[in-house]
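Written out below as structure tokens is the structure these notes cover.
Note that the structure is predicted; figures quoted are calculated from it, not measured. Residues: numbered from 1 along the sequence shown.
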Amino acid sequence: MTAANERLDRAPAPAGIPPARLARLVLWAVVAVNVLIVETVFLTADPAKNAILGFGKWLGLHLALVMILQLILIARLPFLDRRIGMDRLTSWHRWTGFTLFWLVLLHPTFILLGYASEYSTTPLTEFNNLKGQLPVLLGMLAAGIVLVAAGLSVRAARRRLSYEAWHAIHLLLYVAIVFALIHQLTEVSTFTSSPLAEAYWWALWVFALGSLIAGRVVLPLWRNARHQFRVAAVIPESHNVVSIYVTGKNMDKLPARAGQFMIWRFLGHGRWWEANPFSLSSAPDGRTLRLTAKAVGSTSARLRTIPIGSRVFAEGPYGAFTALSRTKPTTLLIAGGVGVTPIRALLEEATGPTTVLYRAPSTQDAVLLGELQNLARSRGAQLHVLTGRTGAGSPPNTPFAPENLAALVPDIRERDVYVCGPAAMTDAVLRSLRALKVPAAQVHSERFSLAS
């Protein structure tokens, strides 16, 4: 970490709007402004031939806007990612996808019904008439791809697909975006009703696609060319946990913070498309990065066999699970399992009174426990290792029940709370924090699926 980044991470929390809330306000204000512009474009365009056709065109405008929002949510824009976090942006992308599904279904349906009503034919007849026009045909193909991808994203269907098949299907969505763009901007309709409307849509698409290409392609390629990451050391932490030290060039220029994660590919080790998001398990020092992983899949299980000197392709750093989100001078860090990795990095840079709660089946299963104990002593932090099976014993072992959290940390409402661990543990902690009325702005969580 550079000296400037270190000073920023250690600085007291600024007064005013918390960064996450500010980023959300900016994002949704921009969305609201664009919704108003789209409504204006629709109302000032030439009227449709009938109300059904008009409603179909109205749905089409909002379909285009939702598709653009989808791209921006996964573009990994630094302003949003560092304040809101990729896990939450990805969740919003998924839920927005359901809106996209219904718009894709309803837009062509009402267009066909509108033309059928106008010309006293059937929707099937109008479908056959319209499919002969290339822009319309491309729109139909785009809709078909989106509907298939959305259907296969339903949890029941997703479980039956391999990751590679699911990923390949979602890559087809980029083809759908190209088809939809051609359909929109070559169709003589509300999209091109005036020079201003056409310029607006072009600007919106250029921004969305430019953001996606810059964030997902250009920036990762540039950073890897600049830093030339390589494996410096492979250190087993236990029988199923390993730490990888990564070094490279100009490491002090990498804008990484304690608590963030990167998406790692170890070249020549497994298939090139296999990538895993692992948190940084120690604070970046401007010389090396460290990740610590548990063997839960085929890729992570092979990490301990990576040769020293292997090339690494890393995307990131990503995530809002950093000191930038702090709003209070005191902190509570809660970790579960290998979700301890970003918590350990945050403890390394902790300032002010800090308490750490570490949930593990036993002390033997507590990854990096020795490091946490040493850091707690040097930082003057309190460390509680919470072991045992949840629900076992009498009374039941429920360390994250509201009354138990309040007993361990009496001033919990006055602290920033960082939580990282398995989904069930994280959900239990978040429910207890709500029950204890800890303000939402003080609660920062990192989902285990992205952290480890």
Quick one: [atom1] on [X] to [atom2] on [Y], what's the gap to the nearest 0.5 Å?
{"X": "Leu204", "Y": "Leu209", "atom1": "CG", "atom2": "CG", "value": "10.0 Å"}
{"X": "Leu332", "Y": "Asp411", "atom1": "CG", "atom2": "CG", "value": "9.0 Å"}
{"X": "Ile68", "Y": "Leu73", "atom1": "CD1", "atom2": "CG", "value": "12.0 Å"}
{"X": "Ile343", "Y": "Leu347", "atom1": "CD1", "atom2": "CG", "value": "9.0 Å"}
{"X": "Ser211", "Y": "Leu71", "atom1": "OG", "atom2": "CG", "value": "9.0 Å"}
{"X": "Ile306", "Y": "Phe266", "atom1": "CD1", "atom2": "CZ", "value": "4.5 Å"}

Validation row: [X], [Y] side chains within 4.5 angstrom (heavy atoms):
{"X": "Pro317", "Y": "Arg257", "result": "no"}
{"X": "Ile263", "Y": "Arg76", "result": "yes"}
{"X": "Val242", "Y": "Ile235", "result": "no"}
{"X": "Arg88", "Y": "Ser445", "result": "yes"}

Shortest non-hydrogen contact from [X] toward [Y]:
{"X": "Leu291", "Y": "Leu303", "result": "CD1-CD1, 4.5 Å"}
{"X": "Ser279", "Y": "Phe261", "result": "CA-CB, 3.6 Å"}
{"X": "Gly339", "Y": "Pro342", "result": "O-CD, 3.2 Å"}
{"X": "Gly319", "Y": "Asp81", "result": "N-OD2, 2.9 Å"}
{"X": "Phe321", "Y": "Cys420", "result": "CZ-CB, 4.0 Å"}

So side chain to side chain donor-acceptor pair (under 3.5 Å) across residues 95-104, not counting sequence neighbours, yields none
With His107 via ring pair (Phe, Tyr, Trp, His ring centres under 6.0 Å) - residues at least two apart: none
Ring pair (Phe, Tyr, Trp, His ring centres under 6.0 Å) filter on Phe229, not counting sequence neighbours, yields His227
Quick one: does [X]'s side chain have a donor or acceptor within less than 3.5 Å of a partner on [Y]'s backbone?
{"X": "Thr426", "Y": "Gly421", "answer": "yes"}
{"X": "Arg287", "Y": "Thr247", "answer": "no"}
{"X": "Thr322", "Y": "Arg82", "answer": "no"}
{"X": "Tyr358", "Y": "Thr387", "answer": "no"}
{"X": "Arg304", "Y": "His239", "answer": "yes"}
{"X": "Arg230", "Y": "Gly309", "answer": "yes"}
{"X": "Ser325", "Y": "Ala320", "answer": "yes"}
{"X": "Glu371", "Y": "Leu368", "answer": "no"}
{"X": "Trp205", "Y": "Leu181", "answer": "no"}
{"X": "Thr354", "Y": "Gly352", "answer": "yes"}

Should we count CZ of Arg21 as having more than 12 external heavy atoms under 6.0 Å? no
Atom pairs and distances, donor-acceptor, side-chain atoms in residues 30-37, under 3.5 Å, two or more places apart:
unit_1 : atom_1 : unit_2 : atom_2 : d
Asn34  : OD1    : Tyr200 : OH     : 2.7
Asn34  : ND2    : Val30  : O      : 2.8

Please assess Tyr245 against Val231 for the test side chain to side chain contact (heavy atoms under 4.5 Å, CB included), listing each intermediate value before the final yes or no. CA-CA 6 Å; Tyr245 290 79; Val231 174; over 6 Å; no
Determine the interplanar angle of the Phe55 and Trp58 rings, folded into 0 to 90°, and report it as parallel if under 30°, tilted if 30 to 60°, perpendicular if over 60°. parallel
Not counting sequence neighbours, which residues clear side chain to side chain donor-acceptor pair (under 3.5 Å) with [X]? List them please.
{"X": "Thr109", "result": "none"}
{"X": "Ser91", "result": "none"}
{"X": "Thr331", "result": "none"}
{"X": "His183", "result": "none"}

Taking only distance into account, with no hydrogens and no angle test, what donor-acceptor pairs under 3.5 Å do side-chain atoms of residues 430-443 form with protein atoms, sequence neighbours excluded?
unit_1 : atom_1 : unit_2 : atom_2 : d
Ser432 : OG     : Phe400 : O      : 2.5
Ser432 : OG     : Ala428 : O      : 3.3
Gln442 : NE2    : Arg413 : O      : 2.9
Gln442 : NE2    : Arg415 : O      : 2.8

What verdict does the side chain to side chain contact (heavy atoms under 4.5 Å, CB included) test give for Leu289 and Leu254, after you've listed the backbone C-alpha separation in whole Å, the side-chain angles of each residue and the deciding distance to 0.1 Å? CA-CA 10 Å; Leu289 302 173; Leu254 184 69; 3.6 Å; yes
Between Thr351 and Arg326: side-chain donor-acceptor atoms closer than 3.5 Å: yes
Ignoring hydrogens and angles, state whether a donor on the side chain of Asp87 or Thr90 is under 3.5 Å from an acceptor on the partner side chain. no
As a quick check of understanding, evaluate side chain to side chain contact (heavy atoms under 4.5 Å, CB included) for Thr288 and Met251, giving each step before the final call. CA-CA 7 Å; Thr288 60; Met251 296 293 281; 5.7 Å; no
N/O donor-acceptor pairs under 3.5 Å from side chains in residues 213-224, not counting sequence neighbours:
unit_1 : atom_1 : unit_2 : atom_2 : d
Arg216 : NH1    : Ile74  : O      : 2.8
Arg223 : NH1    : Gly316 : O      : 2.9
Asn224 : OD1    : Ala314 : N      : 2.9
Asn224 : ND2    : Pro220 : O      : 2.7
Asn224 : ND2    : Ala314 : O      : 2.8

Pick out which of Val419, Asp416, Val356, Val417 makes a side chain to side chain contact (heavy atoms under 4.5 Å, CB included) with Leu333. Val356
Residues Glu237 and Arg344 bridged, charged N to O under 4.0 Å: no
For a side chain to side chain contact (heavy atoms under 4.5 Å, CB included) check, start with the C-alpha distance between Leu386 and Leu408, then their side-chain angles and the critical distance, and finish with the verdict. CA-CA 11 Å; Leu386 310 174; Leu408 285 168; 4.1 Å; yes
Write out all pairs satisfying ring-ring contact (aromatic ring centres under 6.0 Å, His included) with one or both partners inside residues 68-93, taking only residues at least two apart or from two chains. Trp28-Trp92
What pairs with Ala345 under side chain to side chain contact (heavy atoms under 4.5 Å, CB included), at least two apart in sequence or on another chain? Ala258
